[in-house]
Protein chains: 2
Amino acid sequence: MTSTEANSRPSSPEANSRPSSPEAGRPTKQRLAVARIMDTFEGFRSAQEVHTLLATAGETVGLATVYRALQRMAEAGEVDTLRTEEGELTYRRCSTTHHHHLVCRACGATVEIEGPAVERWAQTVSHEHGYVDVSHTLEIFGTCADCARVSTGGR
Amino acid sequence: MTSTEANSRPSSPEANSRPSSPEAGRPTKQRLAVARIMDTFEGFRSAQEVHTLLATAGETVGLATVYRALQRMAEAGEVDTLRTEEGELTYRRCSTTHHHHLVCRACGATVEIEGPAVERWAQTVSHEHGYVDVSHTLEIFGTCADCARVSTGGR
DNA sequence: GATGAAATGAGAATCGTTGTCAACTTGGCT
DNA sequence: AGCCAAGTTGACAACGATTCTCATTTCATC
Ligand SMILES: [Zn+2]
Ligand SMILES: [Zn+2]
Ligand SMILES: [Zn+2]
Ligand SMILES: [Zn+2]
């Protein structure tokens, strides 16, 4: 149920969209299912994996719909995206503040990290070169303690 | 973005080896053509764009061969790779030291940047969380001075 | 309950990339 | 020079992720 805060506003069709809900969309059964299942796991999952998870959970949602729902959620800032080294887009429910990720290559365990100094540095170095409207991508990949124990100590 | 790769271990069953270039391959006409054309531009280009450039230059090289050549050059560290926000892989001839890029979204102008502090931070924060064998990707996107002038001051 | 816009789903279409495999080079050896 | 095995190429098929199409369904409002 969308008991959070429904805007019961007869929004005019041509009215300029408010910043409160630029790309809100309708809370359909499918979108709710996608949103709900995004809470049931920790790491990043591809759209196809989410689609499979839904099917396994009994919720049948079309693959294209899953793609559309995740895209929309990403644009709305409800989920974070991460492009794997193979180029596949993956999604994860995240906190809304700007942050980055430390991801285990083996098991996918993810840690959200922040680095104010890095953020400042990125801005500074960009401006020094005359660049404006700057954004950045920063991902750290490694082997987590558990996986490292298995691969090295498991001899 | 070469993660700390495998150590140089000559475990090949054959005795003959090439001390001068471990992963060189043969300097065929096609590979030379690809290597040569990589010097003729500044920003990042996709494999397909490189293929087109070659065709335009009169050098006819198969598309698959261009892909293979660029892959090999990337593995050998002769070119750097950058995945665009659309997920497409692009290549550029780069210096061999570890660095990152500041890329203009509009025209593709690229600046190589270094950030020792960021490198240390990435290592530190990773180790604090128990991660080992750490690598990272860091790209900065923005609008270069020239492009910004066109879009804002072009009135 | 009628109605029109938004959303869905099934499959086709797109697109970057990789695989296949026969024909062709290359380099080393006799 | 002539041979051979391994490396390489190119045309095209195959692939996988993502997007598009469009007929049908759902939703919110009247
Ligand atoms: Zn792990
Ligand atoms: Zn950041
Ligand atoms: Zn520019
Ligand atoms: Zn770095």
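Residue numbers start from 1 in every chain, and the chains themselves are labelled A, B, ... in the order their sequence lines are given, proteins ahead of strands.
Atom-to-atom, CD of B/E75 to C1' of C/dT18 comes out at 14 Å; the value is rounded to the nearest Å. Distance A/Q48 CD to D/dT19 C1': 12 Å, rounded to the nearest Å. We find that CD of A/E88 is positioned 5 Å from P of D/dA17, with the value rounded to whole Å. The distance from atom CZ of A/R45 to atom P of D/dA17 is 15 Å, rounded to the nearest whole Å. Atom CG in A/L82 sits roughly 16 Å away from atom P in D/dA17 (whole-Å rounding). Here D/dA17 presents its P atom at 18 Å from CZ of A/F44, a figure rounded to the nearest Å. At whole-Å resolution of the value, CG in A/L70 and P in D/dA17 are 15 Å apart. Atom NZ in B/K29 sits roughly 13 Å away from atom P in C/dG27 (whole-Å rounding).
Nearest nucleotide to the side chain of A/Q71, out of C/dT18, D/dT19, D/dA17: D/dT19. Relative to the side chain of B/A64, the nucleotides C/dT17, C/dG19, C/dG27 differ in distance, and C/dG19 lies closest. Among the nucleotides C/dA10, D/dT18, D/dG10, the one closest to the side chain of A/Y67 is D/dT18. Ranking D/dA11, C/dG16, C/dG9 by closeness to the A/Q30 side chain, first place goes to C/dG9.
Distances shown here put a side-chain N or O of B/T65 below 4.0 Å from the OP1 or OP2 atom of D/dG10. OP1 or OP2 of C/dT8 has at least one side-chain nitrogen or oxygen of A/T28 nearer than 4.0 Å. Contact annotation: B/R31 side-chain N/O to D/dG7 OP1/OP2 distance is not under 4.0 Å.
Side-chain atoms of B/H100 and B/E114 include no donor-acceptor pair closer than 3.5 Å. Looking at B/Q123 and B/H136, their side chains never bring a donor and an acceptor atom within 3.5 Å of each other. Looking at B/S135 and A/R105, their side chains do bring a donor and an acceptor atom within 3.5 Å of each other.
Within the nucleic acid shown, B/E49 has no heavy atom closer than 4.0 Å to any nucleic acid atom. Note on A/T90: nothing from the nucleic acid sits closer than 4.0 angstrom, heavy atoms only.
Mapping A/L63 and B/A47 onto DNA chain C by nearest heavy atom places A/L63 closer to the 5' end of the strand.
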Open item on the list: Could you walk me through whether B/E112 and B/R92 satisfy the salt bridge (Lys or Arg N to Asp or Glu O under 4.0 Å) test, starting with their C-alpha distance in whole Å, then the side-chain angles of each, then the deciding distance to 0.1 Å, before giving a yes or no?
Closed with: CA-CA 11 Å; B/E112 294 189 358; B/R92 183 204 187 194; 3.7 Å; yes
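Taking the charged nitrogens against the carboxylate oxygens, A/E59 and A/R36 do have a contact shorter than 4.0 Å, which makes a salt bridge.
Donor-acceptor pairing under 3.5 Å, judged by distance alone, is absent between the side chain of B/R68 and the base of D/dG7.
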